[in-house]
Every structure is written in structure tokens, then in C-alpha cells.
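This report refers to the structure that appears directly beneath it.
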2 protein chains.
Amino acid sequence: MQLTVFPAPTSPTANLDHGHDHGGCRTKALQTAEQLCNNRGVRLTPMRRQVLELIWESHRAIKAYDLLDRIKPTTGTAKPATVYRALDFLLEQGLIHKVESLNAFIGCSFSDHQHQQLLLTCIRCLEVEERPAAGVMEAIDRELEQAAFIIHHKAIEIHGICIRCAKHPPITATI
Amino acid sequence: MQLTVFPAPTSPTANLDHGHDHGGCRTKALQTAEQLCNNRGVRLTPMRRQVLELIWESHRAIKAYDLLDRIKPTTGTAKPATVYRALDFLLEQGLIHKVESLNAFIGCSFSDHQHQQLLLTCIRCLEVEERPAAGVMEAIDRELEQAAFIIHHKAIEIHGICIRCAKHPPITATI
DNA sequence: TGCCGATATGTTATATAGTAGCATATCTGC
DNA sequence: GCAGATATGCTACTATATAACATATCGGCA
């Protein structure tokens, strides 16, 4: 029998995402969020901020109920609505994306300028990469013009193997 | 107060999808499905066929539990697993698509050749149009080559207003 | 500064979506 | 017509998401 073992995803709290210093990502994202909310006159409350922080703990998409579990120790009382309301706010402000095909959420790396990127989810390490992909967006605009379809929202989600995982093939053992 | 009233979606059983004779679509889709399954040596059982027929009753995406409600009168006993198993089979065979952003399913119009199309969902009439969109697919392939991302599956979902609904503006009343 | 309306969160309950695991039935090849 | 494979029945459960109303907090203004 052949067993294919993928490396387990790193723990949600470890800054191990493929070796980059993720603390920098998170700090920058939170600063940008504060600024954006200030400029817009909307409130990044402690609850909303905490959810955003948790989402930014890694580049893996996180599920609403996992966020809930992480919040409970702090609040003691958090319920689904608490999390979903924070998520709704963050989505409205373009600070996070929902990965529809995973029912999960990731921080938006381009919250201060571009939205509606390609979302590349690695089925091995579960990290999601966001790519503005101008060429793809233009091709879609052309296609929709032909179809005379007036766009409101795009979700472009690709699942596959990222370059880092492709370079570190899974351990294969015969038992 | 301004009230914007969109025309209600036509009933699931009516062949009224924007005026085209939908019976033809359905019949053709079912014939293609029978052929494909025969060629592949897989079984389009009565249950699976019924689910496919129900999905093809319109061009609107249908939810698993709505399918379940439609099946119950016939079988008396259908449970979620019954429907989900049929859906899994139809997805595997490429006879239907899941619209991830709706948690709903539509028949595939290109089951005998192309897969992984653009799915255009009209937020007014709720119909889903499938478009192969070669230009978009090429642009995505180029982008993924740059990212060195090995693709397994695409979900490209656009929400907006279709050409037919754009031509029939909603009734607007002041109350 | 303390009151008011607006915004945000707490709380309970429920709706919607999907899966696990084992029993039973049906099909297909021999 | 029997055996193994495939499909469905069935029970229970897990996961995802929202509704509706109560309470708390914020921020402007009398």
C-alpha cells in the first residue's frame, strides 16, 4: 500500500508560513485597517479588530467557527452572531475576503487599493495567495461586455499546488 | 420611501425562463447524460436521473434541500444523503456544476466537451449562464504560469444583471 | 455633563448545509 | 442463482449562518 503524507499545516499561531516573517504582514494589515476606518468614519471596534488580527495570524483561510473558538477564551460569551457581524463589517470595508469554495476567510492584502483578485488556494499547505491579475480581469471585462452582463461582484477561486509545496514533494512511504 | 420591486423568479416548474423553450434544453441534456454514462460504464440510476431532471427544470441554480423537497413526494423517504450522493455523482461526471457562492447547483451545458466555465449569475432573475470564455481561461493559465501554481480546479463566479433583466427594468414605486 | 439617538454587542433560538456509519437493496458478472 | 460490488435507506450528527429582540456603548448636542 502506498501512503502519501502531506506535511501538516503549521499551527494557527506559529509564524511559520513558508518561512516568511509573517508578523510584518499582520502589523501592516492592521495599521492599514485602522487608517482606512478612520478615513471612512467607521469604527474598528475591539471585537472587529480582534477578528481581523486572528484572520491575519496566517495566510491560511480560517472558518467562522474556528474564529469563534479562538475568541471565546477572551470574551467567555461569544456566539456565532458575534463573529459573523464582525466578518460582515470587515467584508463591507474590503479588509477581508470570503473564500466561497471553502466557507472561510482571509485578510485582504490590497485593502487600500484593489479588490476582487484571484484567490489561489494551495490544497497542500492551505495558504491562500491573492493576485490582482490585471490580464485576467481585463479578459473577464471583455467577456462580460460581449455577454452584455453588468457585473456586481466577482469570485475567482483556483485550487491547486503552490510553488513552495511543489518544491517540497510529500513524503511517500510503502507500508 | 422608494420601493424597488424585481419581477419574482418564475416557478421552478414553469418553462418560462426568459421566454425560450426550455424543454429542449432539458431533453438534450438528459440524452447527453445517458450517452456519456453509457460510454463511461457508469450508471445513471433513476434517483440520479431524477435529480438531474429537477436541476434542469430551469436555468436557475437549485439548492440541495430544495431538490430534497421536490424528491420527497416521489420517494416518500428521501433524506439529505440521498440527494448529496446523487449530486456527488453528477459533479464527478461533469454533468452539473456547483455554484460555490450560492451553495446551489446547475446543469452543465457543455458536459460532453468543455468544463470549468465562467458562471454568470443574475441577481435579479437568478438564472445562471455558463460561458467557456476561452480568453479568460488563457489569461488565467498565463497568470498561474507566472505564479508557478499547478491548477487542480477553478471556480469563476460572477454576480450581476443579465442582458434580459437589464432590458426590463424593475418596477419602481413611491409609497 | 447628562440625555438622546445611533451603532454595536449579547442572547436565544432556529434555519440551512453537509457528512458519518452502518443496514438493506439492487445490479452485474460469473 | 450466487457473490461481490455498487447504490440507496436510515439514523444521527456536525457544520455554517441568520433572525429577532434585549442590552450596552458611543458620540453629538442641549
Side-chain angles (χ1 to χ4, degrees), chain A residues 33-34 37-38 40-55 60-93 95-106 126 155 157, chain B residues 12 33-34 37-55 60-93 95-106 126 155 157:
Chain A
E34 302 261 18
C37 290
N38 268 332
R40 293 173 187 168
V42 296
R43 286 155 61 196
L44 187 62
T45 61
M47 184 78 247
R48 291 165 175 176
R49 204 192 139 88
Q50 192 189 353
V51 169
L52 186 59
E53 271 182 39
L54 287 170
I55 289 174
R60 264 163 276 124
I62 185 165
K63 289 172 172 276
Y65 277 73
D66 291 341
L67 285 167
L68 186 54
D69 289 340
R70 306 283 316 279
I71 284 170
K72 273 179 189 158
T74 329
T75 69
T77 62
K79 300 279 180 306
T82 311
V83 167
Y84 280 105
R85 280 192 287 230
L87 289 170
D88 285 345
F89 172 85
L90 297 170
L91 284 168
E92 267 166 30
Q93 298 302 320
L95 298 170
I96 61 172
H97 295 288
K98 178 170 188 185
V99 187
E100 298 285 356
S101 48
L102 297 176
N103 297 321
F105 302 85
I106 54 159
L126 305 183
E157 305 182 358
Chain B
E34 302 261 18
C37 290
N38 267 333
N39 295 346
R40 293 173 186 169
V42 295
R43 286 155 61 195
L44 187 63
T45 61
M47 184 78 247
R48 292 165 174 176
R49 203 191 140 89
Q50 192 190 354
V51 169
L52 186 58
E53 271 181 38
L54 286 170
I55 289 174
R60 264 163 276 125
I62 185 166
K63 288 171 173 278
Y65 278 72
D66 291 340
L67 284 167
L68 186 53
D69 289 341
R70 307 283 316 279
I71 284 171
K72 273 178 188 158
T74 330
T75 67
T77 63
K79 299 280 179 304
T82 311
V83 167
Y84 280 104
R85 280 193 286 230
L87 289 170
D88 285 345
F89 171 85
L90 297 170
L91 284 168
E92 268 166 27
Q93 299 302 321
L95 297 170
I96 62 172
H97 294 288
K98 178 168 187 186
V99 187
E100 298 285 355
S101 47
L102 297 176
N103 295 323
F105 302 84
I106 54 159
L126 305 184
E157 304 183 358

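Note on naming: letters A, B, ... go to the chains in the order of the sequence lines (proteins, then strands), and numbering restarts at 1 for each one.
Between B:Lys63 and C:dA17 there is a side-chain polar atom (N or O) within less than 4.0 angstrom of OP1 or OP2.
Distance, A:Tyr65 OH to C:dG18 C1': 14 Å, rounded to whole Å. When rounded to the nearest whole Å, the span between OH of A:Tyr84 and C1' of C:dT14 equals 14 Å.
Of all nucleotides in DNA chain D, those with any atom nearer than 4.0 Å to a heavy atom of chain A start and finish, going 5' to 3', at D:dT16 to D:dC26.
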Check the interface with nucleotides 9-11 of chain C: list each N/O to N/O pair with the protein under 3.5 Å, or write none.
{"from": "C:dT9", "atom 1": "OP1", "to": "A:Thr45", "atom 2": "OG1", "distance (Å)": "2.6"}
{"from": "C:dG10", "atom 1": "N7", "to": "A:Arg85", "atom 2": "NH2", "distance (Å)": "2.6"}
{"from": "C:dG10", "atom 1": "O6", "to": "A:Arg85", "atom 2": "NH1", "distance (Å)": "3.1"}

Using atom names, set out every protein N or O paired with an N or O of nucleotides 25-30 of chain C below 3.5 Å, distance rounded to 0.1 Å.
none

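No donor-acceptor pair under 3.5 Å is formed between the side chain of B:Glu157 and the backbone N or O of B:Val99.
Direction change of the helix axis from one end of the helix from C:dT1-D:dA30 to C:dC30-D:dG1 to the other is 20°, with five pairs defining each end axis (rounded to 10°).
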Tabulate below the donor-acceptor pairs under 3.5 Å that side-chain atoms of residues 47-55 of chain A make, not counting sequence neighbours, or state none.
{"from": "A:Arg48", "atom 1": "NH1", "to": "A:Arg43", "atom 2": "O", "distance (Å)": "2.7"}
{"from": "A:Arg49", "atom 1": "NE", "to": "A:Glu53", "atom 2": "OE2", "distance (Å)": "3.3"}
{"from": "A:Arg49", "atom 1": "NH1", "to": "A:Glu34", "atom 2": "OE2", "distance (Å)": "2.1"}
{"from": "A:Gln50", "atom 1": "NE2", "to": "A:Thr74", "atom 2": "OG1", "distance (Å)": "3.0"}

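Rounding to the nearest 0.5 angstrom, the gap separating the NZ atom in A:Lys72 from the CG atom in A:Asp69 is 5.0 Å. From A:Arg40, atom CZ reaches atom CD of A:Gln93 across 5.0 Å, with rounding to the nearest 0.5 Å. Rounding to the nearest 0.5 angstrom, the gap separating the CG atom in A:Asn103 from the CG atom in B:Asn103 is 6.0 Å. B:Phe105 CZ to B:Leu90 CG: the interatomic distance, rounded to the nearest 0.5 Å, is 10.0 Å.
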Could you go step by step and tell me if A:Phe89 and A:Thr45 meet the side chain to side chain contact (heavy atoms under 4.5 Å, CB included) rule? CA-CA 10 Å; A:Phe89 172 85; A:Thr45 61; over 6 Å; no

Dump the intermediate steps for side chain to side chain contact (heavy atoms under 4.5 Å, CB included) on A:Thr82 and A:Ile71, then the final yes or no. CA-CA 10 Å; A:Thr82 311; A:Ile71 284 170; 5.6 Å; no

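Closest approach of B:Leu87 and B:Ala64 over heavy atoms only: CD1-CB, 3.9 Å. Minimum heavy-atom separation, B:Glu100 to A:Ser101: OE1-CA, 3.5 Å. Residues A:Cys37 and A:Leu95 come closest through the heavy atom pair SG-CD1, 4.2 Å.
Within the 4.5 Å cutoff, no side-chain heavy atoms of A:Tyr65 are placed close to those of A:Val83.
In the region residues 96-103 of chain A, proximity to DNA chain D at under 4.0 angstrom, judged on heavy atoms, holds for A:Lys98, A:Asn103.
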